[in-house]
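Report on one structure; see the data block that follows.
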Amino acid sequence: MSSTIDTLDRLIAFPTVSRDSNLDLIDWLGARLADLGARIATVRDATGAKANLVASLGPEGPDGIVLSGHSDVVPVEGQAWTTDPFRLTRRDGRLYGRGSSDMKGFLAAMLTVAGKAARAPLARPLHLVVSHDEEIGCVGVRSLLARLKAEGFRAAGCVIGEPTEMQVATGHKGKLAGRIVCRGKPAHSANPHLGVNAIHLGARMVGVLEQVQARLAETGPRDNAYPVPYTTVHVGLIQGGTALNIVPDRCMLDFEIRLVPPDDALVLVEEIRARAPAFPPDSGMEIEVVNSYPGLDLADSHPFANAVRAASGGNGTVKLAFGSEGGLMQQELGLPTVVYGPGSIDRAHKADEYVMPEELDACDLFLERLLARLVA
Ligand SMILES: [Zn+2]
């Protein structure tokens, strides 16, 4: 067994579902990295039950490379697993386990390359970042990035190891999750004129979101590297009313914007507000931003994109339909960032998630070639 598969076996056994603590995994990884001589810092969240970790090997300096992954995984409840999701299981040439693709396979490969880095004459540093709470909106890494930013952290580039089937991704869309709450005035449904129907107001706001979508599809920024080349807006959840014979006084719409750079989510929220119809007396509307993360957009010709492409042995680049912490790395630290990792997003978040041993081997080789760029 490769040492990466050995490590993956250990990592899968930590059930780091986002709602639970990841400290056991962070402690285990931190101890391995400390044994290798890495300089380690951790940043805990407000509850103290979760932590981010950053470890550096080699000399200090502004021209190292960052490898980054999240430690949390999505839940397994309600999924029909045919193996124990928290035990790495080899079957038919595949390695099954929760997080095998997303993204403990890459974390395992990070530890393998750290072992090689510890023995190599590095002229530039190798940094490893492991975050918590990525799966619930790239929440955890933000405190670590704030700290690194305050310290003036710099590096030549960053690889986020989300599963891309070993394709170099230089972009993904950003995302904003928002909530619109329409407030009306309750009344008996026999006298609707005495109330203000909040669901009717909500329906008008759905119309507003459709107007914004139509405008974006027609005149918004386009990037044909994406299957849907423009920014999209959709309502995913609507709640309102208590009974058919009561004029409802509240209606809530949860909506999402998937942004093609350089579209700006907050500018679009202002557009939604500006397009809202005049609300009658005794009614109103609020828009709340629940969560957002920026898109990733690195020029294909950027030297770091070229370096990663060369290490990958491939030529092309892709853009991803799903998000990652890469946009935050680029926005907060100014790091040229790409996404590249073993496994497939099509296998992630599902029962019987798996990664192929050959994918891990290819990732080991990729990271070894990247490491060679840090050697004098
Ligand atoms: Zn992931």
Side-chain angles (χ1 to χ4, degrees), residues 4 7-8 11-12 14-20 22 25-26 29 45 50-54 66-77 79 85-86 88 95-111 128-142 144-145 158-175 177 256 258 291-296 308 318-331 335 337-356 359-360 363 366-367:
T4 298
T7 303
L8 181 59
L11 295 178
I12 295 278
F14 294 107
T16 48
V17 177
S18 307
R19 62 172 178 257
D20 299 321
N22 74 336
L25 182 151
I26 292 292
L29 257 185
D45 76 342
K50 298 176 187 181
N52 298 301
L53 176 146
V54 57
V66 180
L67 307 177
S68 178
H70 60 82
S71 63
D72 60 320
V73 296
V74 297
V76 299
E77 283 85 2
Q79 299 183 339
F86 297 108
L88 190 70
L95 297 163
Y96 291 92
R98 170 53 84 227
S100 51
S101 258
D102 186 11
M103 53 177 289
K104 290 178 171 175
F106 187 78
L107 292 187
M110 279 166 59
L111 190 60
L128 310 175
V129 167
V130 182
S131 68
H132 66 87
D133 283 340
E134 188 273 349
E135 294 288 5
I136 55 172
C138 300
V139 173
V141 77
R142 294 169 202 247
L144 178 65
L145 295 183
C158 172
V159 178
I160 306 274
E162 291 281 354
T164 64
E165 301 182 54
M166 316 301 287
Q167 291 179 290
V168 179
T170 51
H172 63 67
K173 288 186 179 182
K175 182 176 139 179
E256 185 185 271
R258 299 266 178 175
N291 181 265
S292 70
Y293 60 75
L296 171 67
V308 172
V318 296
K319 296 201 174 177
L320 303 171
F322 64 94
S324 84
E325 294 166 337
L328 285 167
M329 290 281 181
Q330 194 176 41
Q331 178 183 281
L335 290 184
T337 299
V338 302
V339 187
Y340 179 92
S344 163
I345 202 70
D346 295 336
R347 303 176 215 144
H349 298 203
K350 291 180 183 165
D352 291 347
E353 176 180 352
Y354 68 91
V355 70
M356 312 283 277
E359 291 172 328
L360 297 177
C363 189
F366 162 75
L367 291 177

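Remember, it's 1-based here, ligands and their atoms both numbered in the order they're listed. In what follows, every heavy atom counts, from backbone to side chain, and hydrogens, waters and symmetry copies are set aside. Here, residue 1 is the first one in the sequence, and each next residue gets the next number.
Side-chain contact annotation: H349 with Q79, donor-acceptor N/O pair under 3.5 Å absent. For the residue pair D72 / S18, a side-chain donor-acceptor distance below 3.5 Å is found, with atom types taken as modelled.
E353 and R347 are not joined by a salt bridge, as no carboxylate oxygen comes within less than 4.0 angstrom of a charged side-chain nitrogen.
Aromatic ring pairs are classed by plane angle as parallel below 30°, tilted from 30° to 60° and perpendicular above 60°; the pair H172 and Y293 is perpendicular.
Among protein atoms, those of element N, O or S found less than 2.8 Å away from the Zn ion (ligand 1) are H70 NE2, D102 OD1, E162 OE1, E162 OE2.
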Just do the side-chain contact (heavy atoms from CB on, under 4.5 Å) check on V130 and H70 with the steps written out, would you? CA-CA 5 Å; V130 182; H70 60 82; over 6 Å; no

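With rounding to the nearest 0.5 angstrom, the CE atom of M110 is 10.0 Å from the SG atom of C363.
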